[in-house]
Student: 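Questions regarding the structure given below will be posed in turn.
Within every chain, numbering begins at 1; the chains are lettered A, B, ... in the order of the sequence lines, protein sequences first and strands thereafter. Predicted model, so just to flag it, every value in this text is computed and none were measured. These values consider heavy atoms only, across backbone and side chains, with no hydrogens, waters or symmetry-generated copies.
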Amino acid sequence: MNKIYSGLGKTHDAITDIGYWLGVLALFAILLMFCYEITARYFFRSPTQWINDFTGYFLLFSTFLLAPRLTRERAHIEITFIKDALSDRARGFFNSLLFLLATIACIWAGWYAFEEAMRQYDRGIRTMAVMSVPRWWMSAVISYGLMSSGVYFFRASVMELKSSLASRDL
Amino acid sequence: QANSYQMLVPFPTNHALNDIAHLFVEMVDEKFDGRYQIRLVGEDAIPGFEQFDPVSSGVFPMALSTGPYHTGVTGVGLAADAIDADPQARRESGIWEAYQDYYLTHNVRMISFPSANPGYHFMLTDPIGDDGGFEGRIIRGTLTYHGPIRAFGGSPAVMPVSEIYTAAERGVIEGAGHNIFGNYQIGLHEVLPYLVRPGFGVTSLMVVFNEDYWAEIPEEDQATFLEIGRELEDVSLAHYDGLIAEETELMEGVGAELTYLGEEQQQMLDQAFADGLWEEAIRISGEPAESMRELAREAGLTP
Amino acid sequence: MEWLQILLAGLGILLFLFVLGVPVFVAFLFTNLVGAMYFFGGRGFSIFTNSIYDTLASSSLATIALFILMGEVLFRSGATDAVFRSTDTLIGRVKGRDFVLSAALGTIFGALSGAAMGVVAMLGRSLLPQMLARGSDRRLSIGAILGGANLAPIIPPSVLIIVIGMLANISISRFLIAGIIPGLIIACLILLYTSVRIAINPGLAGQASQHDVPVRSFKDKVVAVIQLLPFSVIIFFVMGFILLGIATPSESAASGVVGALLAAAYYKKLSIRMILESVQSAAAVSAVILIIMASSKLFSQLLSLSGATSAIAQLSVATSLDPLVMLFIMMLIPFIFCMFMDQIAISIVIIPIYAPVIAALGFDPLWFWVLFLINVTIGGFSPPFGYVLFAFKAAAPELKVSDLYAAAWPFVGVFILAMVIIAMFPALVTWLPGML
Ligand code: NA
Ligand code: NA
C-alpha cells in the first residue's frame, strides 16, 4: 500500500514540476510579448491585436500552474501567531486540522471550476476578446491549480497528523 | 404583495447607458403601482461581460444587456449595432421578432430592444487631416470599431479600458472609439478633444428576462411588461438624442471641437462598420447570423 | 439591515480564518464558496469560477509580475553593490551616517523598484549586518530599513500605484508622478526622526560609525555619481517610456525589465542562469500575490450584491460629517484592516466602496488616493501582518519577531505624520502632476 502511495505522490510531484516550469515560461513569454507590442506599436506603428488578450491568458496560466508547487513548498502567505504559541505536538495536530480545512476549500473550489469548465465546453463558450479562445481552457487550468493544491494540503495534513501521533512529548 | 427582481446592468454606475435601466424601473413602478420592485445590480457585483450566462441559466431573473457583451456565446447580438435604430421599422420588418426568437434559443426572452442612434464615435488627439481619415494613426478600440479604423487607414490598438485615458494623455494612442455619449463624465475629452463626426452605428440594448421567470409572470402582467418595453424603445431614442446634444455642448464649452471625416470616408463609414460587425457575427455564430443579416438587408435596415 | 448582517458574517468568517492561520488565499476561497452558496445555491460555481478568471486574465495585472521581475533582475545584477558603494561614498562623515545611508538607499531603490519586499530583503541582507556590526541600535536600524524600503511603493514605479489606480480608475501616469514628492517628504521625515533620536541618545548611532569612514576626495565622489548613472537607464525605461508615450504604464514594467537587464550587462552579471533564476523567483512571488487577488475578488462582488457597498456609500454621505472627520474615518478603516490583512486584498474590497464616496464628498481624487496609497503602504509593514515584515524576516532569519514589531511602530508614526502633512497641503500631491 505504502508503495502505491509513494508512487502516486511521485507522479503528483512530477506533474506539479512540469506545471511549474510551464508557468515560469509563461511569465517569460509575457515579458517578450509586452516588449514586442511596445516595439511594434511605437517603432513600426502597427500594434498587434492579440497581445493584450494573450498576456492576460498567460498570466492566469502562470499563476495557477505555479500554485500547486507553492502549496507543496508552503510558500503561501498565512498568519502564524496561534501556531507559534503552541507546543510542537499541539501545533502538528492544529496544522493537520487547518490543512484539512484548506483541502476541503481547494477541492470544493476546484470542483466548481471543473463544473464550469464542463459547462463552458458543452455550450461552446469562448473568451470575450479580439483573440478569443475556448473559455474552458481557463476554467480547466484554475481547476487544476486548485485541485492539485488541495491534494498537497491533504498530504501535508496526513504528514502533520502522523508525526504528531508519533511524537510522545506534549 | 410585491414581486421583487434583481436586474443586472452591465455598465459602471455613472455610465449614461444606465439611464435606460433607471427609465425602465421608473416605468415599471408607475405602470404596476409598485407591484413589481426591480433592484439594479451593477457590474461591480457581476462584471458586464459575465452577465449573459447568469440570466440565461436563471441565477438572475432579468438584465439590461447589450449584444457586444454576448460574443463569448453568440455573435448575433453584436450585429444588432449595425441595424437601423427606428423601433417601428425593427418591429414591422420582423427583425424584432427574429431577435426575440433567436435569444429564446438561449432561454432568454427579450421584451424590449431600445437603442441610441448614433451609438458610437471616435475621439482624437488631433483633428482629421487632409487624408480625411486616420492615415497612420493608432486608435484604441474594441472589435466593434476595428472595421472603420482599418478602412480609414488607422491601426487598431487593443488595451484595457482603464488605460485609455493615460495612453491618450501620453500619446501612446492618437484616438479611441467610444460610445458617443457618456464621455463627459469620465473626462475623455480632456485628453481626446477632437470629436469625430459623423458618429456611426447604433448602441442596441435589450431588456431580457430569463424565460423560466418570464413564464411565471401572469399573462396580463406580461402584456404590461411588453407595453413598457415598447414605450422604452421610443423614449430611449429621444433620451439619447438629447443627451448627445447636451454632452457635446458641455465638452465644446471646455475646449473640445468637432472634426469631420472626409466625404469619401463618410460614405464608407456605415458600410465599413456594418461589414466588420456582420463578419464577426457570422464568424462566431454562423447560420443564425447569416439569416439575420439577410432579413435585415431585405428590409433595408442594414447596409 | 440585511446587508449589515451579511457584511459582518463575511468579515467575521474571513478574519477568523486569517487568525487561525489558514493561508490567506484559502481563507478567501472558503468565505467566497460559502457566500456563493448563500447567494446562488448550487448554481454559484459559474460566478465563482468566472470571478477568478476575470480578475487574473488581465494584461494590466501582468504588470505586477513584471515589476517584481524587474526587482529580481535588479537585485541579481550586481547593480545593488554599485548603488551601495556609490551612495556610501557620497555620504560624508556625518553623525549616524548609516541611518542617512538607509534613507538614501531607500529613496534610490524606491525609484528603481516597484515593491518594498525586494528592497527590504536586499537591505536586510546587506545593510543591516553592516549597521549592527558598527554598533548601531538594533531596533532603530531595523526600523530605518523598514521605513526606507517602504518608499518603494510610493516613489514611482510602483505596483501598488498601478493596482490602486486601476481599481479607482484614475490616470495612472499622473498618479505615478504624484508619488514623487510625498516619497521624498517621507524620506526626509525618516532622516529627521533618526537624527532626533541620535541627538537625544548618541549611543544609538554606534561607536564606529563616524570615524571609520575614510575621507573621500572630490574625484571619488564624481566617480561615485558616474557609477550611479547606469541606473538612470532603468528609470528612463520605466518613467521615461510612460511620459514619452512609448509604453503604457502596464507595459512600462516590461521595458523596465529590459532596463534592468541592460544594467546587469553593464556590470557583467548578465547570464542565462541569472535570467532564469530571476524569472523563477518573480513567477513564484507574483503567483503568491496574484492567487490572493484572484481568490479575493468575489468577496467584494458579493458585498456589492448584498447592497452593503452602496449602503455604506449612502450612509457615509448621509451622515453629513465634517469632510475632515470623514477623511479620518476613511483612512482609519483600511489602516486597521491592513494591520491584520493583505493590503492588496483590502484595496480590492475597499476602493470600489470609496470611489463613489470621494466623488460625493468632492475630494480631489489624486490627493485622496495618494493618502490611501501611503496608508496601504503602511499596512505592508504595520505589525502584526505584512508582506514587508515577512520578507525582512525571511532575509534576516536571526531577527526576533518582537524586535521587528517594536522597530516598525515609530516608522509607522513617521508615515502617518507624512499623511497628515499631505492631507493639510494637497498641493504637495497635485502640483507635480499638474506640470505634465
Ligand atoms: Na518605486
Ligand atoms: Na500590516
Student: Check whether any side-chain heavy atom of A:E78 sits under 4.5 Å from a side-chain heavy atom of C:F18, and report yes or no.
Tutor: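 A side-chain contact under 4.5 Å is absent here.
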Student: Only heavy atoms, only distances under 4.5 angstrom. Which residues in residues 110-120 of chain A are near chain C?
Tutor: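 Checking residues 110-120 of chain A against chain C gives A:Y112, A:A113, A:E115, A:E116, A:R119, A:Q120.
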Student: Picking from A:C35, A:A26, A:G56, A:S143, which has the most non-hydrogen pairs under 4.5 angstrom with chain C?
Tutor: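 Looking at each of A:C35, A:A26, A:G56, A:S143 in turn, A:G56 comes out on top.
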Student: Counting only non-hydrogen atoms closer than 4.5 Å, does C:I289 touch chain A with its backbone (N, CA, C, O), its side chain (CB onward), both, or neither?
Tutor: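 No part of C:I289 comes within 4.5 Å of chain A.
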Student: Where along residues 156-163 of chain A does a heavy atom come under 4.5 Å of chain C, listed by residue number?
Tutor: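 Within residues 156-163 of chain A, near chain C: nothing under 4.5 Å.
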Student: Give, as side chain, backbone, both or neither, the part of A:T127 having an atom under 4.5 angstrom from any heavy atom of chain C.
Tutor: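 Both backbone and side chain of A:T127 come within 4.5 Å of chain C.
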Student: Within the 4.5 Å heavy-atom criterion, are A:W108 and C:F48 side-chain neighbours or not?
Tutor: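 Answer no - side chains too far apart.
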Student: Tell me, out of C:L33, C:T248, C:I292, C:L276, who's got the most heavy-atom pairs with chain A below 4.5 Å.
Tutor: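 It is C:L33.
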Student: Please state whether the side chain, the backbone, both or neither of C:Y53 comes within less than 4.5 Å of a heavy atom of chain A.
Tutor: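 C:Y53 touches chain A through backbone and side-chain heavy atoms alike.
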Student: Write down the atom of A:I38, the atom of C:A247, and the distance for their closest heavy-atom approach.
Tutor: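 Nearest pair, atom of A:I38 first, then C:A247: CD1-CB, 3.9 Å.
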Student: Does a sphere of radius 6.0 Å around CZ in A:F154 hold more than 12 heavy atoms from other residues, nucleotides or ligands, not counting ones at 6.0 Å or beyond?
Tutor: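 Not more than 12 within 6.0 Å, no.
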Student: Please classify the contact of C:V258 with chain A as side chain, backbone, both or neither, using a heavy-atom distance under 4.5 Å.
Tutor: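 Answer is side chain: those atoms of C:V258 sit under 4.5 Å from chain A.
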Student: Heavy-atom pairs under 4.5 Å with chain C are the metric here; pick the option from A:E73, A:M138, A:R41, A:M33 that has the most.
Tutor: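 Most heavy-atom pairs under 4.5 Å with chain C: A:R41.
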Student: How far does CG of C:L20 sit from NZ of A:K83, to the nearest 0.5 angstrom?
Tutor: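 Answer for the CG-NZ pair, C:L20 versus A:K83, is 9.0 Å.
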Student: Which pair of non-hydrogen atoms, one from C:A254 and one from A:L31, has the smallest distance, and what is that distance?
Tutor: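 Residues C:A254 and A:L31, closest heavy atoms: O-CD1, 3.8 Å.
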Student: Does the side chain of C:N50 reach to within under 4.5 Å of the side chain of A:R135, using non-hydrogen atoms?
Tutor: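 SC-SC contact between C:N50 and A:R135 confirmed.
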Student: Which bit of C:V285 comes within less than 4.5 Å of chain A, counting heavy atoms only: side chain, backbone, both or neither?
Tutor: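 For C:V285, there is no contact with chain A at all, as no heavy atom is under 4.5 Å.
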Student: Chain A heavy atoms under 4.5 Å from C:A27: which part of the residue, side chain, backbone, both or neither?
Tutor: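 Neither part, no heavy atoms under 4.5 Å.
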Student: Do the non-hydrogen side-chain atoms of A:F153 and C:P23 ever get within less than 4.5 Å of each other?
Tutor: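 Contact flag for A:F153/C:P23 side chains = yes.
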Student: Nearest 0.5 Å, please: how far is CZ in A:F34 from OG in C:S59?
Tutor: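 Output value for this atom pair is 5.0 Å.
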Student: Picking from A:L65, A:I142, A:L146, which has the most non-hydrogen pairs under 4.5 angstrom with chain C?
Tutor: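 Among the listed options, the one with the most contacts to chain C is A:I142.
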Student: Taking atom CZ of A:F28 as the centre, does the number of heavy atoms from other residues, nucleotides or ligands within less than 6.0 Å exceed 12?
Tutor: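 No, not enclosed.
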Student: Do A:F64 and C:I291 touch side chain to side chain, with heavy atoms closer than 4.5 Å?
Tutor: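 Yes, side chains in contact.
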Student: Quick one: OG1 on A:T63 to CG on C:L56, what's the gap to the nearest 0.5 Å?
Tutor: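 Here the interatomic distance stands at 4.5 Å.
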Student: Under a 3.5 Å distance rule, please check whether A:R69 uses its side chain to pair with a backbone N or O of C:A284 as donor and acceptor.
Tutor: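 Judged by distance alone, no pair lies under 3.5 Å.
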Student: Using a cut-off of under 4.5 Å on heavy-atom pairs, state which of C:S250, C:S58, C:S60, C:S286 scores highest against chain A.
Tutor: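 Heavy-atom pairs under 4.5 Å are most numerous for C:S58.
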Student: Report yes if some heavy atom in the side chain of A:C106 is under 4.5 Å from a heavy atom in the side chain of C:V26; otherwise report no.
Tutor: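 Yes, their side chains come closer than 4.5 Å.
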Student: At their closest point, which heavy atom of A:A105 faces which heavy atom of C:F30, and how far apart are they?
Tutor: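 Scanning both residues completely, I find the closest heavy atoms to be CB-CD1, 4.0 Å.
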Student: With a 4.5 angstrom heavy-atom cut-off, could you sort out which part of A:L32 is near chain C: side chain, backbone, both or neither?
Tutor: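 No part of A:L32 comes within 4.5 Å of chain C.
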Student: So does A:Y121 have more than 12 non-hydrogen atoms from other groups sitting under 6.0 Å from OH?
Tutor: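 No, not enclosed.
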Student: Quick one, A:L101 and C:L17 - any side-chain contact, counting heavy atoms below 4.5 Å?
Tutor: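 With C-beta onward as the side chain, the pair touches.
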Student: Identify which of A:L97, A:D53, A:I51, A:L98 forms the greatest number of heavy-atom pairs closer than 4.5 Å to chain C.
Tutor: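 Most pairs with chain C among the choices: A:L98.
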Student: Go through C:V257, C:V279, C:T55, C:V24 and name the one with the most non-hydrogen pairs under 4.5 angstrom from chain A.
Tutor: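 Of C:V257, C:V279, C:T55, C:V24, C:V279 has the most heavy-atom pairs under 4.5 Å with chain A.
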Student: Relative to chain A, which segment of C:S46 carries a heavy atom at a distance below 4.5 Å: side chain, backbone, both, or neither?
Tutor: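 Backbone plus side chain of C:S46, per the 4.5 Å heavy-atom cut-off to chain A.
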Student: CZ of C:F45 to OG of A:S139: how many Å apart, nearest 0.5 Å?
Tutor: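 So the gap between those two atoms works out to 10.0 Å.
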Student: For each of A:F94, A:F58, A:F99, A:Y57, tally heavy-atom pairs with chain C at distances under 4.5 Å, and name the one with the top tally.
Tutor: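 Option with the top pair count is A:F94.
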Student: With chain A as the partner chain, list the residues of residues 64-72 of chain C whose heavy atoms fall under 4.5 Å from it, by residue number, and write 'none' if nothing qualifies.
Tutor: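 C:A65, C:L66, C:L69, listed by number.
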Student: If you check every heavy atom in residues 13-24 of chain A against those of chain C, which residues fall under 4.5 Å?
Tutor: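 So the qualifying residues are A:Y20, A:W21, A:V24.
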Student: Could you tell me which of C:L290, C:V22, C:N32, C:I246 has the largest number of non-hydrogen atom pairs under 4.5 Å with chain A?
Tutor: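 Of C:L290, C:V22, C:N32, C:I246, C:I246 has the most heavy-atom pairs under 4.5 Å with chain A.
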Student: Counting heavy-atom pairs closer than 4.5 Å to chain A, which one of C:V34, C:I52, C:L29, C:I275 comes out on top?
Tutor: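 Most pairs with chain A among the choices: C:I52.
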